[in-house]
Amino acid sequence: MNKERIAELTRIASEVRKDIIRMVGVARSGPVDAPLAIADLLVYLYWEELLVLADRQQRNDRDRFLSGSANGTPALYAVLARRGFFEREELWHYKRLGAMLQPLPDFARVPGVDAPCVLSGSELSIAAGIMESLIRSGSESRVYCLVGESDCGNLDFWLEAESIGAKKYGNMILLLVLRKGENAEPYPAATAIYEKKFVEAGWDVNFADGHDFEEMAGTFAGLCEKGQGPKVVFISVKMGKGLSFAELSDAKYSKSLGAQEMDRALEELEAESNGG
């Protein structure tokens with residue numbers, strides 16, 4: 001990936017972050033830290049990795065993306081709007097009664113959403129079902145499933161991971177988003193335990209910094225050279241990325257954003273995008 005493309009993706013991610021702040025700010029409630037953390041990852045996926053087209057949303061050979069991150073939903077909405085799946089004006093109606101964009105995406109109403117956002121580790125089971133359906137139809141489309149560390153504490157999640165590993169679903173790509181560890185460690189202490197369990201279940205394990213476009217490009221390009229089994233990519237992210245008062249903070253900024261905080265956040269993001 002050349003410097004010009006990295007600069008372009010960085011610019012897009014900056015605009016996505018501003019949209020996240022605006023939509024949550026207008027709604028006067030909604031998560032901030034998690035959406036800002038995964039914005040770079042989603043921008044990379046939707047501009048570089050996923051085979052999806054807003055004007056041909058039902059094409060059979062499209063890749064599927066499933067999100068198990070409820071708190072990351074504003075980032076997904078902002079990215080889908082920027083990719084043309086629906087008008088950006090919809091973002092400013094986020095969480096309003098009857099609006100299309102609710103705290104959890106409705107796959108029957110929101111263009112670009114392939115499955116419900118479910119919790120408790122069951123999203124991997126849904127992804128497996130979609131993968132099986134694609135295989136039966138002869139499709140070679142890929143299924144991407146985004147989950148967080150909390151899923152790793154669920155027994156059903158690991159049972160499903162073992163089943164997928166045994167079936168060798170080579171087009172299954174799990175994105176495990178992990179919050180950076182303490183003392184600037186790139187991954188939390190439990191990462192080695194998760195890696196061992198995935199390897200034992202028959203998965204190929206990969207790593208990428210969720211804010212480094214060049215590193216993500218190298219990691220995802222390498223997936224094509226791996227074996228026939230499923231792949232998991234451990235994605236290291238910084239919560240509240242881009243905002244000095246939200247990065248690595250507690251849950252204070254995950255549920256509300258006042259008018260003054262919204263203005264401050266937009267000023268910071270604008271200064272960052274201008275190199276200030």
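Only heavy atoms go into these numbers, but all of them, side chains included; no hydrogens, no water, no symmetry mates. The model shown is predicted, which means the values in this text are computed figures rather than measured ones.
- The main-chain N or O of D209 is found under 3.5 Å from a side-chain atom of E215 such that the two form a donor-acceptor pair.
- Residues passing the side-chain hydrogen bond (donor to acceptor under 3.5 Å, both in side chains) test with D114 are R62, sequence neighbours excluded.
- Side chains of Q102 and Y94: no donor on one and acceptor on the other come within 3.5 Å.
- For the residue pair L269 and S14, the shortest heavy atom distance occurs at O-OG, 4.0 Å.
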Full working for side-chain contact (heavy atoms from CB on, under 4.5 Å) between D106 and V113: CA-CA 8 Å; D106 183 349; V113 175; over 6 Å; no

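- Of the N and O atoms on the side chains of Y144 and E49, at least one donor lies less than 3.5 Å from an acceptor on the other residue.
- Salt-bridge annotation for D40 and R17: present, with a side-chain N of the basic residue lying under 4.0 Å from a carboxylate O of the acidic one.
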Stepwise side-chain contact (heavy atoms from CB on, under 4.5 Å) check, L91 with L101: CA-CA 7 Å; L91 299 178; L101 305 182; 3.8 Å; yes

side-chain contact (heavy atoms from CB on, under 4.5 Å) between V177 and I38, intermediate numbers included: CA-CA 8 Å; V177 175; I38 66 172; 4.2 Å; yes

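- With hydrogens and angles disregarded, no donor-acceptor distance shorter than 3.5 Å links the side chain of S236 to the backbone of K180.
- Under a 4.0 Å N-O distance rule, the pair R5/E48 qualifies as a salt bridge.
- Hydrophobic clustering, with ILVMFWY side chains joined whenever heavy atoms are under 4.5 angstrom apart, groups F86 together with F107.
- Formation of a donor-acceptor pair under 3.5 Å by the W92 side chain with backbone atoms of M23 is not found in this model.
- D33 is not listed as a side-chain neighbour of K241, based on a closest heavy-atom distance of 4.5 Å or more.
- Residue M172 holds its CE atom at 6.5 Å from CE of M131, rounded to the nearest 0.5 Å.
- Side-chain contact check for V147 versus L175: every heavy-atom pair is 4.5 Å or farther apart.
- Counting all heavy atoms, side chain and backbone alike, A115 lies closest to I126 at CB-CG2, 4.2 Å.
- Contact between I20 and P74 at its shortest, heavy atoms only, is CG1-O, 4.0 Å.
- P105 places none of its side-chain heavy atoms less than 4.5 Å from the side chain of P116.
- Two different hydrophobic clusters hold L53 and L80 under the rule that ILVMFWY side chains link at heavy-atom gaps under 4.5 Å.
- There is no path of hydrophobic side-chain contacts, each under 4.5 Å, that joins I193 to L178.
- At least one donor-acceptor pair under 3.5 Å links the side chain of H211 to the backbone N or O of K238.
- Cluster membership check: M100 does not share its hydrophobic cluster with V26, using side-chain heavy-atom separations under 4.5 Å among Ile, Leu, Val, Met, Phe, Trp and Tyr.
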Full working for ring pair (Phe, Tyr, Trp, His ring centres under 6.0 Å) between F207 and F234: CA-CA 5 Å; F207 297 84; F234 288 15; 5.1 Å; yes

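- Judged by distance alone, the side chain of R83 and the main-chain N or O of Y46 form a donor-acceptor pair under 3.5 Å.
- Side chains of L223 and N206 form a contact here, defined as non-hydrogen atoms less than 4.5 Å apart.
- Taking F220 as the reference, Y44 meet the ring pair (Phe, Tyr, Trp, His ring centres under 6.0 Å) condition, with sequence neighbours excluded.
- Follow the hydrophobic side-chain contacts under 4.5 Å out from L176 and you never reach L159; the two are in separate clusters.
- Side-chain atoms of I6 and N2, non-hydrogen and from C-beta on, never get closer than 4.5 Å to each other.
- For CG of N60, the number of neighbouring non-hydrogen atoms (other residues, nucleotides, ligands) closer than 6.0 Å is 12 at most.
- When side chains are defined from C-beta on, I135 does not count as touching K167, because their heavy atoms never get closer than 4.5 Å.
- Taking K168 as the reference, nothing meets the salt bridge (Lys or Arg N to Asp or Glu O under 4.0 Å) condition, with sequence neighbours excluded.
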Full working for side-chain hydrogen bond (donor to acceptor under 3.5 Å, both in side chains) between Q228 and Y169: CA-CA 7 Å; Q228 297 302 308; Y169 289 160; over 6 Å; no

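- E140 is listed as a side-chain neighbour of N171, based on a closest heavy-atom distance under 4.5 Å.
- A99 approaches R109 most closely through the heavy-atom pair O-NH1, 3.2 Å.
- Ring centers of W158 and F198: under 6.0 Å apart, within the cut-off.
- Contact check on K18 versus E15 returns a salt bridge, with a Lys/Arg side-chain nitrogen under 4.0 Å from an Asp/Glu carboxylate oxygen.
- Between K197 and E200 there is no salt bridge, since no side-chain nitrogen of the basic residue lies less than 4.0 Å from a carboxylate oxygen of the acidic one.
- Side-chain contact between L124 and D151 is absent, with no heavy-atom pair separated by less than 4.5 Å.
- A donor and an acceptor atom, one from each side chain of S139 and S141, are located under 3.5 Å apart.
- Nearest heavy atoms, K95 versus S29: NZ-OG, 2.8 Å.
- The heavy-atom pair separating L9 from V43 by the smallest distance is O-CG1, 3.9 Å.
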Worked check of salt bridge (charged side-chain N to carboxylate O under 4.0 Å, His left out) between D204 and K231: CA-CA 5 Å; D204 180 79; K231 291 87 175 172; over 6 Å; no

side-chain hydrogen bond (donor to acceptor under 3.5 Å, both in side chains) between E149 and Y194, intermediate numbers included: CA-CA 9 Å; E149 186 175 1; Y194 306 147; 2.7 Å; yes

